[in-house]
Amino acid sequence: MSLSNSIKNARTSDYFFFAVALICLLPFISSPVALILGFTLASLGLVPTHFNLASLTKKLLSYSIIGLGFGIHLDQAIEASKQGLGLIVASIFFTLFIGNLLTKLLKIEQKTGHLIASGTAICGGSAIAAVAPAINARDDQTSLALATVFVLNSVALFVFPALGHLLEMSQHAFGTWAAIAIHDTSSVVGAAGAYGDEALKTATTLKLARALWIIPIAFVSALMFKGDSKKVGVPYFIIFYCVAILFAHFVPDLQSVYDQVFSISKRVLVVCLFLIGSGITVQKLRASGFQPLLLGILLWLSIGMGSLAYIQLV
């Protein structure tokens, strides 16, 4: 094959990839479907390799979450945070404690186990990315933790909405459960968005309140492993998300605009899940290994079943 034909084929696959991404903006494409589309294109080798899709996904996700802030009512956000604060704190420290015990029992490298526990306790990949440099984790340890959490996030998109409907959970109850029991923000909003708007608002508010714990946990982790606490990343999108809520509250005359921004942000989140799916490969799934994946599953079951029992009783 000539060089010109190779370039032409690469450009064709790029156009096709981004065309599918744009299709994910349409209302009939759900979050799980978008994820499957991304994985399918990755499996077929149709994902552009000369674009930094990870960086693009991170930025789109941040902008989308900020946009969702315009659809959150301040009074509801305060009430939801008050109701869920105890559950958030308890779930974080419970997960880290159980994660430490299981890491020793399963004989997993301590830093790898701590990264998986941190990702499960707070917000998946974002927490792992913040804690890894703080404890001087190796690249392979970080990748293994990310792959483990990534697999479970993908499963959560399909399983949680189905279980929510099976258990006949209310919008608020499901949003609370998703915010506590699902790792990454993208999967939380994807699952909650598929369940309903009220579930999405509740889940987003609680999830971002949970994500605020990235900073203190990263500092504590640095002290535990004698890492570099100066390398902790600041999740700026959380600050702007709060600013969006405040702006919408104090400038209510633009409510129709806020509604449009909220709707657009929900669709962009679906595109983010497509991009995330395009980063899944069979090699990454295999690289997660059995023991780290088992740790992730056990932690996930613990926090998922524990938080569900609490929510159902309350």
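Note that the structure is predicted; figures quoted are calculated from it, not measured.
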Calculate, to the nearest 0.5 Å, the distance between atoms [atom1] and [atom2] belonging to [X] and [Y] respectively.
X      : Y      : atom1 : atom2 : value
Ile311 : Phe174 : CD1   : CZ    : 10.0 Å
Leu115 : Thr148 : CG    : OG1   : 10.0 Å
Met224 : Ile217 : CE    : CD1   : 9.5 Å
Thr205 : Lys207 : OG1   : NZ    : 13.0 Å
Ser221 : Lys111 : OG    : NZ    : 11.0 Å
Leu60  : Leu269 : CG    : CG    : 9.5 Å

Any non-hydrogen side-chain atom of [X] less than 4.5 Å from a side-chain atom of [Y]?
X      : Y      : value
Phe70  : Ile245 : no
Val188 : Thr204 : no
Phe94  : Phe97  : no
Leu102 : Ile108 : no
Val251 : Tyr258 : yes
Leu37  : Cys24  : yes
Leu206 : Thr176 : yes

Go through the structure and list residues passing side chain to side chain contact (heavy atoms under 4.5 Å, CB included) with [X], not counting sequence neighbours.
X      : value
Leu25  : Leu22, Arg267, Val268, Val271
Glu109 : Thr112, Arg138, Gln141
Lys201 : Ile72, Phe262

Hydrophobic cluster identity match, [X] and [Y], side-chain contacts under 4.5 Å:
X      : Y      : value
Leu313 : Ile303 : no
Val270 : Ile23  : yes
Phe250 : Val257 : no
Trp177 : Val155 : yes
Phe18  : Tyr63  : no

Determine whether a donor-acceptor pair (N or O, by modelled atom type, separation under 3.5 Å) exists between the side chain of [X] and the backbone of [Y].
X      : Y      : answer
Lys104 : Gln110 : no
Trp213 : Val89  : no
Tyr195 : Met169 : yes
Arg210 : Ile92  : no
Asp184 : Ser187 : no

Q) Is the count of non-hydrogen atoms from other residues, nucleotides or ligands lying under 6.0 Å from Phe158 atom CZ greater than 12? A) yes
To check you understand the geometry: which heavy-atom pair defines the closest contact between [X] and [Y], and what is its length?
X      : Y      : value
Gly67  : Ser265 : CA-OG, 3.2 Å
Ala156 : Ala191 : O-CB, 4.4 Å
Ile116 : Val149 : O-CG2, 4.5 Å

Q: Check side chain to side chain donor-acceptor pair (under 3.5 Å) between Lys266 and all other residues, then give those that pass, not counting sequence neighbours.
A: Asp197
Q. Under the side chain to side chain donor-acceptor pair (under 3.5 Å) test, which residues partner Gln312, sequence neighbours left out?
A. none
Check: residues 39-48 side-chain donor-acceptor pairs under 3.5 Å, at least two apart:
unit_1: Thr40; atom_1: OG1; unit_2: Ile36; atom_2: O; d: 2.8
unit_1: Ser43; atom_1: OG; unit_2: Phe39; atom_2: O; d: 2.9

**Q.** Residues in ring-ring contact (aromatic ring centres under 6.0 Å, His included) contact with Phe16, at least two apart in sequence or another chain
**A.** none
Q.
Phe247: which residues meet the ring-ring contact (aromatic ring centres under 6.0 Å, His included) condition with it, sequence neighbours left out?
A. none
Q: Any pair with a residue in residues 101-131 that passes ring pair (Phe, Tyr, Trp, His ring centres under 6.0 Å), sequence neighbours left out, goes on the list, sorted by first then second residue, please.
A: His114-Phe225
Q) Applying side-chain hydrogen bond (donor to acceptor under 3.5 Å, both in side chains), which residue pairs with at least one partner in residues 90-102 are found, sequence neighbours left out? A) none
**Q.** Verdict with supporting geometry, Ile182 and Leu152, side-chain contact (heavy atoms from CB on, under 4.5 Å)
**A.** CA-CA 8 Å; Ile182 301 179; Leu152 299 179; over 6 Å; no
Q: For Glu198, check salt bridge (charged side-chain N to carboxylate O under 4.0 Å, His left out) against everything at least two apart and list the hits.
A: none
What pairs of donor and acceptor atoms, side-chain ones from residues 292-302 against any protein atom, are under 3.5 angstrom apart with sequence neighbours left out?
unit_1: Trp300; atom_1: NE1; unit_2: Ala181; atom_2: O; d: 2.9
unit_1: Ser302; atom_1: OG; unit_2: Leu298; atom_2: O; d: 2.8

Q: Look at the aromatic rings of Phe17 and Phe274 and report parallel, tilted or perpendicular, splitting at 30° and 60°.
A: tilted
